[in-house]
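Let me begin by presenting the structure, written as structure tokens, before commenting on it.
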Amino acid sequence: MILKKGWISIACLGVKRGRGLSLHPKFTGLFCPLQVEDDDKIGLYSYKVQSTITSRLANTMIQAKMVNNAKRPQHIVFDVQVPKGAFIDNFTMDVNGITFTSSIREKAEARRMYSQAKAKGKAAGIVRSNALDMENFKTEVNVPPGTKIQFELHYQEMIRRKLSSYEHTISVKPGRLAKHLEVDVRIIEPQGLRYVHVPNSLGDHFDGITTISKGEKKAHISFKPTMTQQRKCPTCSSTAVDGNFVVQYDVNRETTGGELEIFNGYFVHFFAPENLDPLPKNILFVIDVSGSMWGLKMKQTIEAMKAILSELRAADQFSLVDFNHNVRCWRDNLVSATPAHVEDAKKYIQTIHPNGGTNINEALLRATFILNEAQNLGMLDPNSVSMIVLVSDGDPTVGELKLTAIQKNVKQSMKDEFSLFCLGIGFDVDYDFLQRIATDNRGMAQRIFGNQETSAQMKKFYNQVSTPLLKKIQFNYPQESVSDVTQSSFHNYFGGSEIVVAGKVDTENLQHLESIVTATAANAELVMETLRDVEELDGFMKKDRYADPDFTRKLWAYLTVNQMLAERNMAPTAALKRNITKSILQMSLDHHIVTPFTSMLIENSEKDEIMLADQPKDPRRGCCPGQCLGLSCGKVPQNPLRKVAQSFCPLHLAQVLACFSYLFLYFHVLVDNDPHFIIHLPKSQRNICFNINSEPGNILNLVSDPGTGVVVNGQLIGAKKTENKKLSTYFGKIGFYFKNKGLKVEISTKTVTLKDGSYSITLTWSDTGHIIRKQLLISVKKESNVTITVGEKMSFMVLLHRVWKNHPVNVDFLGIYIPPENQLSPAAHGLIGQFVSEPDVYIHNQRPGQAPEKPQATMEVKGNKFTVTRGLQKDYRTDRVFGTDVQCWFVHNSGKGFIDGHYKDYLVPHLYSFLKKP
């Protein structure tokens with residue numbers, strides 16, 4: 001077709017995905033990334049890829065500049081692979097100075113405009129495509145001699161975390177040697193970069209060419225091979241640059257409650273807690289052994305399954321279901337993952353011989369029956385995670401054949417706490433059906449290719465879901481300050497992944513944004529708080545010229561559109577589906593992104609030459625698949641902050657939290673700084689103080705109560721060096737042992753850990769959060785204090801003292817505060833415990849001391865008489881930096897005479913040891 005100026009024709013332009021491509025008949029068979037008819041005469045003088053990642057949002061631009069040096073017109077194809085989850089948001093084409101720009105339109109409107117242009121004799125081009133696994137944006141033009149042409153495509157995607165790494169993959173397939181070839185990637189992560197790695201994904205040919213410059217929060221990766229370096233061999237005219245350029249990285253995580261990033265009226269909450277014990281899992285492997293699996297696919301599946309079975313943990317339960325036209329079970333019930341059971345299952349897998357048809361419906365119903373029966377019989381740990389993993393390479397051919405009926409049957413038989421994960425092998429399987437049925441049942445789907453890499457791909461998929469760390473995760477934000485929050489309730493969180501929630505926030509009337517995340521961990525309920533200043537990122541973002549100032553808005557739009565696509569798939573009525581479709585369409589137009597309901601129009605400035613990038617519905621698939629990648633999805637309710645007050649223990653959580661401020665007012669036993677003991681005697685209304693001068697590493701018993709089974713010990717650390725020939729000591733670690741509950745709590749200057757047998761849960765001082773276990777509540781206030789509340793009977797508070805990390809002498813240390821209301825037994829002892837029963841103290845003969853402000857007096861207590869000095873000690877509960885002065889009588893010589901015996905009598909061998917009475 002000839003354009004207005006008579007010198008360029010546009011054969012086609014559009015989006016193709018994978019193998020399904022419809023081209024103008026004249027040009028079928030052109031599949032090269034940049035295909036030309038005369039390789040020697042088309043010059044690729046620039047091929048540039050620029051990608052900037054701002055807090056997981058990647059904006060990528062691919063640009064190609066070419067010239068036709070031949071003496072005749074030639075066809076040029078610009079074919080770019082785009083990640084499946086990405087949104088194309090812009091395309092421009094410049095032909096000898098004539099610029100074609102893009103706009104996003106509702107699909108019907110775009111087709112109407114295209115048809116009108118065609119009817120009026122204006123230049124028009126179209127490509128329609130179907131979706132498989134990869135998405136390609138492809139345009140083809142016929143250019144006359146001497147023509148220069150530039151293509152430029154922009155797309156955006158959210159980089160998902162898998163297996164403890166973010167992986168940004170860029171397709172780099174220029175198709176020929178380029179005079180200038182460049183891949184430039186910049187990473188801006190306000191959380192800070194833990195590492196950046198660029199694997200040699202393009203091959204050994206390019207060893208040493210990539211450069212990486214990494215700072216604390218930013219990184220720059222550059223790949224610029226010369227034309228000589230691009231050649232496959234020294235005399236070759238073809239390029240060796242043909243593959244994916246991959247960047248892997250991870251960020252620092254200081255808070256278990258996640259990272260809140262707020263900017264330009266939107267917030268994004270990144271949640272990826274670590275250092276948690278895995279939840280036990282109950283897993284059914286459902287394996288397709290139909291005839292189509294014969295050969296390499298079955299061999300690779302058996303190899304992968306044997307490796308996967310070996311990775312099951314002792315606390316896991318499992319079974320195997322294999323199916324063709326019939327369904328078989330290795331065991332009719334779940335069994336523990338003992339070495340004997342695992343070996344027996346491997347032998348069973350080894351005997352499988354593929355044949356027959358495919359009865360997916362019956363296989364999945366059998367697996368759900370086994371899980372349901374196990375739950376009904378009480379065989380499932382309440383804190384365990386139950387899942388089915390389906391591996392199949394084709395559509396159903398036996399039994400129920402209707403995909404919507406299979407989806408409905410499985411949905412009805414799966415209980416709300418079970419998840420379904422689907423692995424589709426090859427291109428014969430209806431992958432979008434697997435996506436729908438997995439998403440419908442709180443899981444995810446993935447396609448792998450039936451080749452030599454099948455086994456490795458299967459194991460990689462399993463590893464994404466093999467370590468459930470949390471279940472029933474709920475994100476809560478103040479309802480009056482936030483709106484349009486994306487999915488905030490999640491079924492499971494798997495180790496190595498990340499949950500992302502976003503929303504709009506009223507930054508004009510809010511100084512801080514608070515989030516509260518509740519979740520079930522191994523044998524404990526977690527409550528994690530995060531508080532962020534709404535202006536915290538402003539300075540950082542404005543200083544960096546590469547950072548995307550719209551990253552929060554784009555991430556919110558990305559999550560919202562994908563969420564709505566998933567909701568549309570599961571909509572029970574046509575009316576609801578229509579309403580969701582309208583919302584998706586409006587989001588697409590507002591944010592200028594191509595979705596299944598929009599098309600991209602490409603026009604010149606006079607609007608008399610028009611092209612359409614279109615994506616019609618595939619009759620084999622339901623429209624508009626949605627995904628929740630790397631996570632198990634729950635429902636999407638609105639969750640106001642007040643809903644966090646759930647009853648995890650007999651004392652209502654909201655009441656527990658409200659009680660904290662009351663308890664803080666009545667803590668009367670203080671141990672702090674070198675370590676200073678302040679004992680408040682309520683009857684006589686006196687404060688008695690003493691220091692303990694011991695050696696670093698020694699562990700002092702503070703409370704030892706065999707009656708209640710409570711132990712509190714503190715381990716000493718030393719200053720960096722001596723001052724005035726004295727080495728100051730402090731508490732660097734405090735241990736609590738609640739024998740009757742079997743719980744241990746270890747608090748250091750870095751972490752707070754709850755231990756229950758083999759299980760442990762850790763928070764850092766960077767967190768604000770709560771751990772609830774067996775009516776014991778641990779509350780961490782970020783960089784401030786930890787409160788331990790045991791039912792309604794006793795409480796303890798540990799205070800963190802931070803010092804300048806480069807201080808020549810001082811170190812971080814801990815203080816402990818214990819209220820007299822604690823219901824310890826009369827058998828309690830220890831440096832503090834002995835004062836549960838207040839001794840009779842008589843102070844008399846007050847007289848001037850060596851310093852006028854420090855008078856002396858005589859104290860009589862426990863049959864002892866000695867001199868004490870009046871002075872001031874510091875209480876750091878209300879002012880952690882300067883402390884509050886407390887008047888007290890100071891007992892010299894490490895409390896000698898005031899405490900029972902000598903302070904060395906209170907040394908214990910371990911952090912959780914009871915004190916042995918002499």
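Note that this is a predicted model, so its numbers are computed, not measured. FYI, the numbering just counts along the sequence from 1.
Partners of His341 by ring pair (Phe, Tyr, Trp, His ring centres under 6.0 Å), not counting sequence neighbours: none found. Shown here are the side chain to side chain contact (heavy atoms under 4.5 Å, CB included) partners of Gln715, two or more places apart in sequence or in another chain: Ile699, Lys733, Leu911. In this structure Phe738 satisfies the ring pair (Phe, Tyr, Trp, His ring centres under 6.0 Å) test with no other residue, sequence neighbours excluded. In this view, Gln823 and Lys793 satisfy the side chain to side chain contact (heavy atoms under 4.5 Å, CB included) rule, not counting sequence neighbours. Legend: residues meeting side-chain hydrogen bond (donor to acceptor under 3.5 Å, both in side chains) with Thr764, ordered by chain and number and at least two apart, are Asp767. Partners of Thr762 by side-chain hydrogen bond (donor to acceptor under 3.5 Å, both in side chains), not counting sequence neighbours, listed by chain and number: Thr753. Residues forming a side-chain hydrogen bond (donor to acceptor under 3.5 Å, both in side chains) with Gln834 (at least two apart in sequence, or on another chain): Lys862, Tyr906. Remark: Lys472 engages Thr520 in a side chain to side chain contact (heavy atoms under 4.5 Å, CB included) (not counting sequence neighbours). Asp277 meets the salt bridge (Lys or Arg N to Asp or Glu O under 4.0 Å) test with no other residue; sequence neighbours excluded. Residues satisfying the side-chain hydrogen bond (donor to acceptor under 3.5 Å, both in side chains) criterion with Lys896, sequence neighbours excluded, are absent altogether.
A 4.5 Å side-chain heavy-atom check between Lys281 and Gln317 finds every atom pair outside the cut-off. With a 4.5 Å cut-off on side-chain heavy atoms, Ile688 and Leu681 count as touching. Here the side chains of Ile473 and Phe271 are in contact, with some heavy-atom distance below 4.5 Å. With contacts defined as side-chain heavy-atom distances shorter than 4.5 Å, the pair Val798/Asn785 does not qualify. Side-chain contact between Arg773 and Lys741: absent, with no pair of heavy atoms (C-beta onward) separated by less than 4.5 Å. Side-chain contact check for Val861 versus Phe866: some heavy-atom pair is nearer than 4.5 Å. Between Asn693 and Thr729 the shortest side-chain heavy-atom distance does not fall below 4.5 Å.
A donor-acceptor contact shorter than 3.5 Å links the side chain of Asp812 to the backbone of Val803. Remark: side-chain polar atoms of Asp756 are not paired, donor with acceptor, to backbone N or O of Leu743 under 3.5 angstrom. Remark: the backbone N or O of Asp416 is paired with a side-chain donor or acceptor of Arg442 at under 3.5 angstrom. Remark: the backbone N or O of Ile516 is not paired with any side-chain donor or acceptor of Glu529 at under 3.5 angstrom. In this structure, Ser728 contributes its side chain and Ala719 its backbone to no donor-acceptor pair below 3.5 Å. Using modelled atom types, no side-chain atom of Tyr493 and backbone atom of Ala519 make a donor-acceptor pair closer than 3.5 Å. Under a 3.5 Å cut-off, the side chain of Lys471 and the backbone N or O of Ser384 do form a donor-acceptor pair. A donor-acceptor pair under 3.5 Å is formed between the side chain of Ser497 and the backbone N or O of Phe494.
In terms of heavy-atom proximity, Ser748 sits nearest to Trp765 at O-NE1, 2.7 Å. Closest approach of Ile899 to Phe835, counting heavy atoms only: CG2-CZ, 4.3 Å.
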| Stepwise, does the side chain to side chain donor-acceptor pair (under 3.5 Å) test hold for Thr467 with Arg313? | CA-CA 10 Å; Thr467 310; Arg313 299 180 180 88; 2.9 Å; yes
| task | Decide yes or no on side chain to side chain contact (heavy atoms under 4.5 Å, CB included) for Leu380 and Leu334, but give the supporting numbers first. | result | CA-CA 9 Å; Leu380 305 185; Leu334 292 170; 3.7 Å; yes
| task | Give the intermediate values and the outcome of side chain to side chain contact (heavy atoms under 4.5 Å, CB included) for residues Glu417 and Gln375. | result | CA-CA 10 Å; Glu417 54 265 40; Gln375 186 175 63; 2.5 Å; yes
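The neighbour count for Lys854 NZ, taken as heavy atoms of other residues, nucleotides or ligands under 6.0 Å away, does not exceed 12. Within a 6.0 Å sphere centred on NZ of Lys739, other residues, nucleotides and ligands contribute 12 heavy atoms or fewer. Within a 6.0 Å sphere centred on NZ of Lys750, heavy atoms belonging to other residues, nucleotides or ligands number 12 at most. Counting heavy-atom neighbours within 6.0 Å of Asp840 CG, excluding the residue itself, gives a total of 12 or less. The number of heavy atoms from other shown groups lying within 6.0 Å of NE2 (His910) does not exceed 12.
Distance CG/Leu799 to OG1/Thr787: 9.5 Å, rounded to 0.5 Å. Considering CZ of Arg532 and CD of Glu259, their distance stands at 4.5 Å, rounded to 0.5 Å. One finds the OG1 atom of Thr518 at 7.5 Å from the CE atom of Met528 (value rounded to the nearest 0.5 Å). Separation of atoms NZ (Lys865) and OH (Tyr842) is listed at 9.5 Å; rounding is to 0.5 Å. Here the straight-line distance linking atom CD1 of Ile761 with atom OG1 of Thr751 works out to 13.5 Å at 0.5 Å rounding. In this structure, Asn810 CG and Tyr730 OH are separated by 4.5 Å, a value rounded to the nearest 0.5 Å.
Side chains of Thr858 and Arg847: a donor-acceptor N/O pair is present below 3.5 angstrom, by distance only. Side-chain contact check for His829 and Asp900: at least one donor-acceptor pair (N or O, by modelled atom type) lies under 3.5 Å. In summary, the side chains of His269 and Tyr477 do present a donor paired with an acceptor at a separation below 3.5 Å, with no hydrogens or angles considered.
The side chain to side chain donor-acceptor pair (under 3.5 Å) contacts involving residues 695-712 comprise Ser694-Asn698, Asn701-Asn713, Asp705-Thr708, Asp705-Ser825, where partners must be two or more places apart or lie in separate chains. Among residue pairs with one or both ends in residues 682-754, those qualifying as disulfide (SG to SG under 2.5 Å) are Cys689-Cys888; sequence neighbours excluded.
The aromatic rings of Phe475 and Phe490 stand perpendicular to each other, their planes meeting at an angle above 60°, with 30° marking the opposite boundary.
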